[in-house]
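Following: one structure in structure tokens, then a few remarks.
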Amino acid sequence: MPSDPANPSVITRFAPSPTGFLHVGGARTALFCWAYARRHGGTFILRVEDTDQARSSESATTGILEDLAWMGIDWDEGPELALEGGASSPTANAGILTGGQDAPPSKRSIGGDPRSIGPFFQAQRIELYNEHIQRLIDQDKAYPAFDTLEELTAKRDAARARKETFRYIRDPGFDRDAALARAKSEAHVIRFRMPDEAIHVRDEVLGDVNFAAEHVDDFVIRKVDGFPTYHLAVVVDDELMGVTHVLRGQEHLNNTPRHVALQKAMGFRTPVYAHLPLIFNPDGSKMSKRDKDKAARAHFMAEIDRDRDRVYRQAAPAIDKGKFEAWLGDKKSQLETQDLGELQRLFAMSLPEIDTADFRGAGYLPQVLVNFLALLGWNPGVKNDDGTDLERFDAAYIAQHFDLGRLGKSASKFDRAKLLAFNADTIQAMDDAAFASCWASWAKDHDAAMLGALPGEKLAWGCAAARQRCKTLRDVRTVLDFVLVDDGAIEYDEKAVKKNLTKQVEGEPTGLELLAGVKDVLAGLDPFDPEAIDAAIEGFAEKKQVKIGRVAQPIRVALTGAAVSPPLGLSLALVGKDGLVRRIERCVRAVQGIVAGGS
RNA sequence: GGCCCCAUCGUCUAGUCUGGUCCAGGACACCAGGUUUUCAUCCUGGUAACGCGGGUUCGAAUCCCGCUGGGGUCACCA
């Protein structure tokens, strides 16, 4: 890893708050923080901002750490995460496919605390924050305040009614000693005494940004529950952990003057700031959990129109009926993430992907997501030999070339079609064996049914048959769906039957006749493998002096009900000889019935 | 509404700092052909953008101003 002499000790951090899954926006921030540290041979810290006691959870923390690791983002300092061993784990795959730049095989976990700067959970650092808060109070740079939430809300509403901006105004008759005495026995927050001066922020992406003094008020630095607010905690931790570069979303730009003022007041350094452009939905709205909720509701509304009872029956294992009804009935309500996840699995719905875990579940490859995310707001500015822009690269490339100078300023819309195309291209570039192992490890968690239907050599056949037809790992399910269908449950497409089985061509046998004929050839085949099957079908067509399509298409109809399937040899081998014979016989009977009934 | 940020094809963007090589390049999507026993893959070609108005200049996508539009933020959330 190249180290930059001008920046001998770059330290970056990603500091998620564990209130849910890792949002793609957060994932990109983490990626850039990681890449910047790697590029400069520096240190990347992961810190968990769990000062909101009510909303934080341990499971969310674990989920975020795992999603980062899945993308191949490893942190030098922070909570430890044990890596799954073995080449089949998603994490190991990420490493292999991104050029093996991740943890060496000997490294079984990421994180740690070599500099003794932890703990990395803010909830465990309360005393540290209190020391600094006390110092600010002692220096008269902060003070206790006793306003109730109701009072503040009332003032805010009043300001809004007057069409003015609410600013917290210190009581003109404020008496410091009295306030300190009162604070000993009364619930209170601590507010920072914002200096009466304009704040200048230098941002590596946006340039110079100035905030006039009157627009920043005395903000709370310690809540009534004793926990610090984000502003205080982030400033103290960044200083104590030696953070030199802060890369974060542009929604934080307006917080920066507060942080700079706090740093000045406490005698801290101001890190280099780089505010990253935001990421939106294609329609310009925010990418939020809500999108999933809305899509799911729309899906169910449509389904219920068709068959209400079936939907309720099918949903039953995932969600309480009352809860389900209440949610469907109230467009403003939102389902809990867990319930929504269960329903999604049960109904095999595809909902808009918002969180990293969504993309993982939908069958996107980690290196593709990383590539695509990097392109949202950054690009290497390099041409390929053929004159096209370089836009396909892996995490290792980003780690070697990422720089702040090439960050964009304007927000971008998340184009799933392009991500899908990238994913498809990457799958097309894999060989069948690599695809098979990649899919199998994914399917273990996300499509156990299909994995179970492909024992032994069928896994390789199935993946070879599906790969070229897949844009995501999940697509294997759609492509090979005919394998899972019961032999006796195939529904025949009318047009396909007419075109390929019953249509009469002067001087040639019908598809139905050819199908019946080829059945005997296939039934006697041993071994029943793709090569043998293809050879047998070819031989049969030759003997009957028809083009191969005249034989192939009827078989497809018998196999899948439609005139579409992966290559025949592979497809037939997947269903197996017995299944195939059953399907052909059933198809012949069904079509003969149609012919007899119709004439 | 106050404050702050942003503005090139439908979308992601190159080009903007260092004005001419740009009647603006690439990618995805879309459209039209071609290859293929089906589907898909694949190949070829095409449509398509400098938000508007003023400056500055011999010359502006590039510099300046205004307008318009979009976004962020205004919590004892982070």
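Numbers restart at 1 for each chain; the letters A, B, ... are given by sequence-line order, proteins then strands. Treat the numbers as computed from the prediction; the structure is a model and nothing was measured. Because only heavy atoms are used, hydrogens play no part in the values below, and waters and symmetry mates are left out as well, while side chains stay in.
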Touch class at under 4.0 angstrom, heavy-atom based, for Leu376(A) against every strand present: sugar-phosphate
Electrostatic pair Arg392(A)-Asp425(A), nearest N-O below 4.0 angstrom: yes
Phosphate contact (A78(B) OP1 or OP2) by Arg55(A) side-chain N/O below 4.0 Å: no
Residues Trp378(A), Phe402(A); criterion ring-ring contact (aromatic ring centres under 6.0 Å, His included); working and verdict: CA-CA 8 Å; Trp378(A) 183 79; Phe402(A) 179 77; 5.5 Å; yes
Under 4.0 angstrom between Lys286(A) side-chain N/O and U73(B) OP1 or OP2: yes
Rounded distance in Å between the P positions of U16(B) and C22(B): 13 Å
C1' atoms of G26(B) and C9(B), separation to the nearest Å: 12 Å
Phosphate-side-chain proximity, Lys409(A) and C6(B), N/O vs OP1/OP2 below 4.0 Å: yes
Any N/O donor-acceptor pair, Lys418(A) side-chain to A27(B) base, under 3.5 Å: yes
Phosphate OP1/OP2 of A78(B): any Lys223(A) side-chain N/O under 4.0 Å: yes
Selected nucleotide, minimal atom distance to His215(A) side chain, candidates C3(B), U13(B), C76(B): C3(B)
Nucleotide of C28(B), U73(B), G2(B) approaching Glu251(A) most closely (side-chain heavy atoms): U73(B)
Check: G25(B) base within 3.5 Å donor-acceptor of Asp389(A) side chain: yes
Arg191(A) vs A75(B): side-chain N/O to OP1/OP2 distance below 4.0 Å: no
base_contact_polar (A29(B) base, Asp415(A) side chain, donor-acceptor, <3.5 Å): no
C52(B) to U8(B) separation - C1' atoms, rounded to the nearest Å: 15 Å
Touch class at under 4.0 angstrom, heavy-atom based, for Leu568(A) against every strand present: nothing
Rounded distance in Å between the P positions of U37(B) and C31(B): 25 Å
Note, Pro566(A) side chain near Arg469(A) side chain (heavy atom, < 4.5 Å): yes
Side chain to side chain donor-acceptor pair (under 3.5 Å) against Arg550(A), all qualifying residues, sequence neighbours excluded: Glu508(A)
P-based separation of C63(B) from A27(B) [nearest Å]: 27 Å
Nucleotide paired to C74(B) in any strand shown, Watson-Crick or G-U, under 3.5 Å: G1(B)
Between C4(B) and G51(B) - P atom distance, rounded Å: 23 Å
Sugar-phosphate only, base, or nothing, as touched by Thr51(A) at under 4.0 Å among non-hydrogen atoms: sugar-phosphate
P atoms of C28(B) and G45(B), separation to the nearest Å: 13 Å
Sugar-phosphate only, base, or nothing, as touched by Arg406(A) at under 4.0 Å among non-hydrogen atoms: sugar-phosphate
Residues forming a side chain to side chain donor-acceptor pair (under 3.5 Å) with Ser565(A), sequence neighbours excluded: Arg556(A)
Contact nearer the 5' end of RNA chain B, comparing Ser565(A) with Ala145(A): Ser565(A)
Sugar-phosphate, base or nothing in reach of His252(A), heavy atoms under 4.0 Å: base
Contact under 4.0 Å: Arg156(A) side-chain N or O vs C76(B) OP1/OP2: yes
Presence of Lys471(A) side-chain N/O under 4.0 Å of U41(B) phosphate oxygens OP1/OP2: yes
Phe414(A)-Phe359(A) aromatic ring centre distance below 6.0 Å: yes
Short side-chain N/O contact to G72(B) OP1/OP2 from Asn254(A), under 4.0 Å: no
Same-atom distance (C1') from A32(B) to C17(B), integer angstrom: 42 Å
5' priority, RNA chain B, between Cys470(A) and Arg392(A) [closest heavy atom]: Arg392(A)
